[in-house]
Amino acid sequence: MSNHKSYRSAFITITTLFFLWGFITVLVDSLIPRLRDVFELSYFEAGLVQFAFFTAYFVLSVPAGFILSKIGYKKGIILGLTIMAIGCLLFYPASSYRIFGIFLLGYFTLAGGMTILQVAANPYVALLGSEEGAASRLNLSQAFNSLGTAIAPLIGAMFLLSDTIKSSEEIAALSKAEKEAYYISEAGTVQTPFIAIAGFILILVVVFRFINLPKLMQQSPKDGYGKLLRNKMMLMGALGIFVYVGAEVAIGSYLVNYFIDMNIVEVIKNSSVMRYIAEVLLNSDLSTLDGKAIVGAFVLFYWSGAMVGRFIGAYLTKILSPGKVLSTFAGLAITMILISMNTQGLVAMWSILAVGLFNSIMFPTIFTLALDGLDDLKPQASGLLCTAIVGGAVIPPMYGFLTDNIGFKLALLLVILCYGYILFYGWVKNKKHSTVKG
């Protein structure tokens with residue numbers, strides 16, 4: 001009973017961490033438009049921000065798994081939080097001296113800390129109880145992570161972003177002294193929230209230093225990575241993470257352009273219900289807004305669908321085989337994409353947005369299925385699985401290339417292939433589960 005209570009307390013503590021790092025991540029993202037202004041970035045340079053983020057996962061996930069296997073989950077979490085705080089503090093000199101390279105280093109460092117947290121927290125949640133309930137627990141923790149990402153943009157808009165950001169034309173019209181004063185003001189606006197975030201993270205470091213967490217890690221075996229690279233089911237899971245993150249980011253990144261291409265702006269304006277929803281979301285009359293802003297408001301439903309779906313998925317993966325739930329959700333995602341490909345207007349719009357709901361359970365479910373039965377190899381396996389998140393940097397450009405050549409709708413065939421593999425992986429794991437159970 002005491003062991004069960006200890007696991008429950010640890011689960012609540014770690015789930016709180018999931019919420020906080022989701023919240024902090026998106027809160028940091030909400031400042032990027034202001035940073036683009038401060039640094040006078042080109043679109044290519046702004047694109048390097050996302051590249052720095054995914055590169056951290058690719059470069060640091062395996063080393064993080066190795067370090068974790070040596071120091072344990074608790075120290076791994078503390079290390080990840082500390083590195084995140086250092087990354088936030090680097091934004092102070094970056095904005096003071098307006099050196100974009102320092103900002104990229106800070107963002108890479110912040111993402112590196114998050115990588116260690118991901119590598120540590122995901123398998124730790126999976127270990128806090130029976131292996132059969134691992135997918136349900138991780139879905140629930142990830143649901144609170146999504147809750148943090150859903151709340152953060154609103155907080156960022158209210159408290160971190162002001163209406164004083166000037167356009168490049170307005171900045172060009174300023175005198176040298178006025179321009180310098182403006183940039184100093186902008187630097188201060190960036191520095192304050194990042195220092196506050198760093199301070200908050202350091203408080204978390206102190207909290208995790210003194211709380212008691214169950215010690216669940218065994219001695220890491222020799223040739224752990226070699227064994228994992230010979231484990232077919234783990235490698236299939238890593239590929240599942242790769243294609244899932246790639247598909248999710250590809251759809252999310254191009255939704256606004258996809259809607260513009262289908263002339264959804266006019267459809268929204270001509271529908272009293274849709275117009276009302278857009279005006280509530282944007283708190284403005286649509287006649288005063290650019291079309292991209294109008295359709296961009298509805299992208300909220302794609303990302304917030306993940307939060308709703310994970311709460312549902314936490315229950316479904318508890319009462320049903322996680323593999324069966326995964327393959328079913330992948331099949332439904334494919335169905336929604338096919339509907340969008342073959343329709344126009346609101347049907348095409350809402351069907352592609354519904355993919356976000358079915359994306360919800362995929363990452364945590366694939367993750368736990370890939371860790372299934374790995375025992376003391378889980379820290380290193382977690383590192384390999386987090387490396388596969390680099391799919392978010394690979395598949396979206398491929399989708400963009402196909403869109404340039406064959407159009408948005410046909411390009412969605414690439415995304416269907418990704419979900420098709422996930423459906424197959426879920427089917428294989430469910431079949432294996434049924435065989436073992438039988």
Side-chain angles (χ1 to χ4, degrees), residues 18 22 25-26 29 50-51 53-54 57-58 111 114-115 118 122 138-139 142-143 145-150 153 237-259 296 298-313 325-338 340-341 349-370 385-400 402-403 408 411-426:
F18 272 78
T25 303
V26 177
D29 286 344
Q50 189 181 48
F51 180 78
F53 180 83
F54 283 110
Y57 276 97
F58 182 72
M114 287 180 54
T115 300
Q118 287 259 32
N122 283 304
L138 192 53
N139 267 293
Q142 290 279 0
N145 180 268
S146 295
L147 178 61
T149 62
L239 180 57
I241 294 290
F242 181 91
V243 297
Y244 160 69
V245 175
E248 180 190 48
V249 174
I251 294 176
S253 298
Y254 289 94
L255 274 178
V256 169
N257 301 95
Y258 181 46
F259 293 159
F298 288 89
V299 177
L300 166 73
F301 293 99
Y302 177 75
W303 295 109
S304 61
M307 177 182 67
V308 176
R310 279 173 177 167
F311 281 111
I312 297 171
V325 176
L326 178 64
S327 58
T328 300
F329 272 51
L332 290 169
I334 291 171
T335 302
M336 293 299 105
I337 295 169
L338 287 172
S340 188
M341 287 175 65
M349 172 184 163
W350 283 110
S351 56
I352 198 70
L353 288 174
V355 175
L357 176 66
F358 301 116
N359 276 340
S360 58
I361 60 100
M362 292 187 186
F363 182 89
T365 305
I366 295 170
F367 204 98
T368 50
L369 287 175
L385 291 171
C386 286
T387 302
I389 292 174
V390 75
V394 176
I395 291 176
M398 293 171 62
Y399 178 78
L402 290 174
T403 298
F408 281 102
L412 285 169
L413 289 171
L414 172 65
V415 181
I416 286 177
L417 285 175
C418 293
Y419 288 116
Y421 174 78
I422 295 169
L423 189 156
F424 170 72
Y425 178 68

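The residues of the chain are indexed from 1 along the displayed sequence.
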Can you spot which of I337, L332, L338 makes a side chain to side chain contact (heavy atoms under 4.5 Å, CB included) with I334?
-> L338

Are any of the side-chain heavy atoms of Y399 and L412 separated by less than 4.5 Å?
-> yes

When you measure from the side chain of Y302 to the backbone N and O of E248, does any donor-acceptor pair fall under 3.5 Å?
-> yes

Measure the shortest side-chain to side-chain distance between L255 and L353 over non-hydrogen atoms and say whether it is less than 4.5 angstrom.
-> yes

Test side-chain contact (heavy atoms from CB on, under 4.5 Å) applied to I422 and F329, step by step = CA-CA 9 Å; I422 295 169; F329 272 51; over 6 Å; no

Between F367 and Q142, does a side-chain contact (heavy atoms from CB on, under 4.5 Å) hold up when you go through it step by step?
-> CA-CA 11 Å; F367 204 98; Q142 290 279 0; over 6 Å; no

Should the pair W350 and F301 be assigned to parallel (<30°), tilted (30 to 60°) or perpendicular (>60°) ring geometry?
-> perpendicular

Heavy-atom pair of closest approach, residues G313 and I361 | CA-CG2, 3.4 Å

Are the side chain of T368 and the backbone of T365 linked by a donor-acceptor contact shorter than 3.5 Å?
-> yes

Minimum heavy-atom distance between P396 and G391, given as atom pair plus value = CD-O, 3.6 Å

Once you round to the nearest 0.5 Å, how far does CZ of F363 lie from CG of L326?
-> 13.0 Å

Quick one: sort the Y258 and F408 rings into parallel, tilted or perpendicular, breaks at 30° and 60°.
-> tilted

In short, A411 meets T403 closest at the heavy-atom pair CB-OG1, 3.5 Å

Look at the side chain of T335 and the backbone N and O of G331, then say whether any donor-acceptor pair between them is shorter than 3.5 Å.
-> yes

Considering non-hydrogen atoms only, spot the tightest contact between A370 and G237 and give its length.
-> CB-CA, 3.9 Å

Roughly how far, to the nearest 0.5 Å, is the CG atom of L138 from the CD1 atom of I366?
-> 11.5 Å

What are the two closest non-hydrogen atoms of R310 and S360, and how far apart are they?
-> NE-O, 2.7 Å

Heavy atoms of P397 and V394 approach each other most closely as CD-O, 3.1 Å

Can you check whether Y425 reaches L239 side chain to side chain, under 4.5 Å on heavy atoms?
-> no

Return yes when atom CZ of F58 has more than 12 non-hydrogen atoms of other residues, nucleotides or ligands closer than 6.0 Å, and no otherwise.
-> no

Would you check if the distance from the ring center of F259 to the ring center of F298 is below 6.0 Å?
-> no

To the nearest 0.5 Å, tell me how far L423 CG sits from I416 CD1.
-> 12.0 Å

Taking C-beta and beyond as the side chain, do Y244 and I395 meet within less than 4.5 Å on heavy atoms?
-> no

Can you tell if the side chain of N122 reaches within under 4.5 Å of the side chain of F18, non-hydrogen atoms only?
-> yes

Rounded to the nearest 0.5 angstrom, the SG-CE distance for C418 and M398 is 7.5 Å

Flag side-chain contact, heavy atom, 4.5 Å: L357 against M336 | no

